[in-house]
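Just so you know, these numbers come straight off a predicted model, no measurement behind them. Here is how names work: the chains are called A, B, and so on, in the same order as the sequence lines, proteins then strands, and each is numbered from 1.
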2 protein chains.
Amino acid sequence: MPCNRLHVKRSSEIGPVAPYSERVTQQRGSGGRPTINQVAEAAGVSKSTVSRAFSRPEMITAETVAHVMEVATRLGYVPNHTARALSTGRAGTVAIVVPDIANPFFPPLIRGAQAAADQAGFSLLLGDSDEDPTREDVLVGKLGPQTDGIVLASSRMTEEQILAHAERRPLVLINRDVPGLPRVLIDTATGIEAAVEHLAGLGHRHLVYVSGPASSWSNAQRRHAVRAAGRRLGVKVTAVAARRSTYDAGVQRTEAILASGASAAIAFDDLLAQGVLAGLAERGMRVPDEFSVIGCDDVLAATMYPPLTTVSAHGGDAGRAAVDLLLSSLDGARADVRRELDTSLVLRSTTAPPAG
Amino acid sequence: MPCNRLHVKRSSEIGPVAPYSERVTQQRGSGGRPTINQVAEAAGVSKSTVSRAFSRPEMITAETVAHVMEVATRLGYVPNHTARALSTGRAGTVAIVVPDIANPFFPPLIRGAQAAADQAGFSLLLGDSDEDPTREDVLVGKLGPQTDGIVLASSRMTEEQILAHAERRPLVLINRDVPGLPRVLIDTATGIEAAVEHLAGLGHRHLVYVSGPASSWSNAQRRHAVRAAGRRLGVKVTAVAARRSTYDAGVQRTEAILASGASAAIAFDDLLAQGVLAGLAERGMRVPDEFSVIGCDDVLAATMYPPLTTVSAHGGDAGRAAVDLLLSSLDGARADVRRELDTSLVLRSTTAPPAG
DNA sequence: CTGTTAGCGCTTTCAG
DNA sequence: CTGAAAGCGCTAACAG
């Protein structure tokens, strides 16, 4: 049934073209792409109908939708994101800002965030604060207004600064525990406990925790977890401080680690663990036969030799969870959600029973 | 001289407020932020003046600018990015899409791109194609319309697909050599040559090139460079193919590498090199005393033990260069720029004269 | 130098 | 179910 119930306007079919082409409507920034108006005219319907065909097809006849779509694709029409954003007040983007993209902890996280955003039809803006609280503040201030929400991963800002931004935009934190704000925390405690238990089970009675940046929330959490588990299992734990989380810092602290008399070490993160491994090797200590090492985050672990036993953080899950949380709270009020993600110990080749 | 030459409108100062507050203009999506109108009214100037104070201050009196700014900050006004974008036709963002953020080659590159964009007042949209040409195509199609331009890093799309997108938006390629399109190529050839020279200088007469993905442009370039340099320097080169660029692939191909009889290896990239190192260690071969290994890209190198001698790609520079190129070509025509970035050999600890 | 007046392209009441 | 009209917040001629 060839039912063409669409009334077609033929107004511009005959008249002279010259007079109109004279004032070739400036075309300011339209990028040459066809607009909703052109589709409407070509399809013989109104703007509204075309708009609805794209945004709420259920509101109009299936036939109409089909026809509009047909014309639209023929013309190569694609809804203008910006115009839609201005009209609806929704940017269709979320931003994620991290202290340092090059830090291997973040890429998987960003990847998860991007996947979650993409899946929900959102785009992902990326910001790198370069570990600088001030830059981060500025960056968030700049990104905020052009997004529907922001996720701050391992923010270096003060709680005040964070709260100020949360006032303006939906905001979710990753690895930063600010009460009142939605946050996803990677609970390394569970994995750390498993690590200590693993070591204790192997027979170790004394281990050292190689701590990371003093100002790091994660570091505090991990140190505490090691201590608690050690106490519970009757394993002595000594702390050796490595200010920065770098390979070199790990190498340098090896001396102190060995001096403690412990037979195993749990490092703040994989980078540090790798440094410790190198430091140990330099001194001719064989791992894991003479000394055991466990890392944290599982970012380097799989590509090292020997493969590092470590606590896996599932960064991708965190990124995904954060974006999902953000998206779900877009129209709702600021929820005080505190989502903890478990971690697990991944056994590889750097642990064994203590020597002797 | 207290010259207040600003004529202030006092119209709304006395009249009753109730009747107006009744129709609290829907506020659709304004996010509650003050608009240019409110600033204009509060400052006793017109919209245009406020607009100019922000976009082209040089067009108006310094005094006026100061006054507008004062009022604006007092009201907490921030120009609406979206509205500006719609009006000017410039999104103020550029996108970068990579095959896999988690691949350590890309983070530095993204970092450079983000820095360059940020510096120019642009924001960076990030896309991850997950190594899938189809996803990449869709992603670019989605990101394109909401950006002023796109940089495609190590694109997996066909030349046709790339060209199609380049038709719609300014586009610059990284590590993909499509004539007619602006592109920045990391010329690993220079670094590779230096590597072969280094090895030859050390006394090696036979080396193997551990090749990466067959479809990779970079792989072809590197293999060719090794061959050419070898020929020039009288060094025999054997190729051993590792299909994928992974640690495991490197481990697995060690057998073949050793079987070739060579005394050194240059791997397609660091990941592969690391695998080779591990494979060598498994077989009790000491590096660099018994066998030399050189990687490529310098992404893992600094955090490995032993520290890997490698060809540094300067990914950050590439990202930055690509964005700069993109930004500079925003209003100009599509330029056929082909920018090659040199690489250099970074000497660390995995090379030495051949044994015996 | 500043104000007026039109839009940018789309969504959304409000009528029919 | 569809159309007409009124904006979203800002910029850009065009006058003054």
Side-chain angles (χ1 to χ4, degrees), chain A residues 5-7 9 23-41 43-68 72 75 77-92 145-146, chain B residues 3 5-9 23-41 43-68 72 75 77-92 145-146:
Chain A
R5 46 179 287 297
L6 298 151
H7 45 102
K9 292 175 184 167
R23 52 183 180 89
V24 265
T25 171
Q26 50 193 348
Q27 186 110 323
R28 219 173 23 176
S30 70
R33 290 196 290 146
T35 77
I36 203 175
N37 280 301
Q38 313 188 29
V39 178
E41 185 163 343
V45 297
S46 73
K47 275 166 58 161
S48 325
T49 301
V50 177
S51 173
R52 290 182 184 117
F54 279 87
S55 343
R56 8 200 44 187
E58 73 282 2
M59 275 187 73
I60 61 188
T61 316
E63 283 168 34
T64 312
V65 175
H67 178 243
V68 170
L75 261 48
Y77 169 78
V78 178
N80 180 314
H81 191 90
T82 308
R84 180 177 284 182
L86 179 58
S87 189
T88 61
R90 322 209 66 158
Q146 47 183 312
Chain B
C3 73
R5 45 180 289 300
L6 298 150
H7 45 103
V8 187
K9 292 175 187 166
R23 51 184 180 88
V24 267
T25 171
Q26 50 192 350
Q27 186 109 326
R28 216 173 26 174
S30 70
R33 290 196 291 144
T35 78
I36 204 175
N37 280 299
Q38 312 188 30
V39 177
E41 186 163 343
V45 297
S46 75
K47 276 166 58 162
S48 326
T49 301
V50 177
S51 173
R52 289 178 187 122
F54 279 87
S55 345
R56 2 191 56 176
E58 72 283 1
M59 275 187 74
I60 62 188
T61 316
E63 283 168 35
T64 312
V65 176
H67 179 240
V68 170
L75 261 49
Y77 169 77
V78 178
N80 181 314
H81 190 91
T82 310
R84 179 178 285 181
L86 179 58
S87 187
T88 60
R90 322 209 67 157
Q146 47 183 312

Engineer: Which nucleotide, D:dA12, C:dG9, C:dG3, lies nearest any side-chain atom of A:N80?
Structural biologist: C:dG9

Engineer: Does the side chain of A:T64 get closer than 4.0 angstrom to OP1 or OP2 of D:dT2 through an N or O atom?
Structural biologist: yes

Engineer: Closest to the A:S46 side chain: C:dC10, D:dG9, D:dA4?
Structural biologist: D:dA4

Engineer: Specify the separation, in whole Å, of atom CE of B:M59 and atom C1' of D:dA15.
Structural biologist: 13 Å

Engineer: Under the rule for side-chain contact (heavy atoms from CB on, under 4.5 Å), what residues qualify as partners of B:A85, not counting sequence neighbours?
Structural biologist: A:T82

Engineer: Hey, is the side chain of B:T61 poking within less than 4.0 Å of OP1 or OP2 on C:dT2, counting only N and O atoms?
Structural biologist: yes

Engineer: What are the residues of residues 50-58 of chain B, sorted by number, that bring a heavy atom to within less than 4.0 Å of DNA chain D?
Structural biologist: B:S51, B:R52, B:S55, B:R56

Engineer: Just how far, in rounded Å, is C1' of C:dC10 from CZ of A:R33?
Structural biologist: 12 Å

Engineer: Counting only side-chain heavy atoms from C-beta out, which of C:dT2, D:dT11, D:dG7 sits nearest to A:S87?
Structural biologist: D:dG7

Engineer: Closest heavy-atom contact between A:Q38 and A:L75?
Structural biologist: O-CD2, 4.0 Å

Engineer: For B:A53, what residues pass the side-chain contact (heavy atoms from CB on, under 4.5 Å) criterion, not counting sequence neighbours?
Structural biologist: B:I60, B:V68

Engineer: When we call it a touch if two heavy atoms are under 4.0 Å apart, what does B:T49 touch: a base, just sugar-phosphate, or nothing?
Structural biologist: sugar-phosphate

Engineer: Can you name the residues that form a side-chain hydrogen bond (donor to acceptor under 3.5 Å, both in side chains) with B:T49, not counting sequence neighbours?
Structural biologist: B:S46

Engineer: Given atom CD of B:E63 and atom C1' of C:dC1, what is their separation to the nearest angstrom?
Structural biologist: 12 Å

Engineer: What's the spacing between B:S87 OG and B:N80 CG if we round to 0.5 Å?
Structural biologist: 11.0 Å

Engineer: Using the side-chain heavy atoms of A:K47, tell me which of these nucleotides is nearest: D:dA6, C:dT4, D:dA4.
Structural biologist: D:dA6

Engineer: Compute the angle between the rotation axes at the two ends of the helix from C:dC1-D:dG16 to C:dG16-D:dC1, each taken over five pairs, rounded to 10 degrees.
Structural biologist: 30°

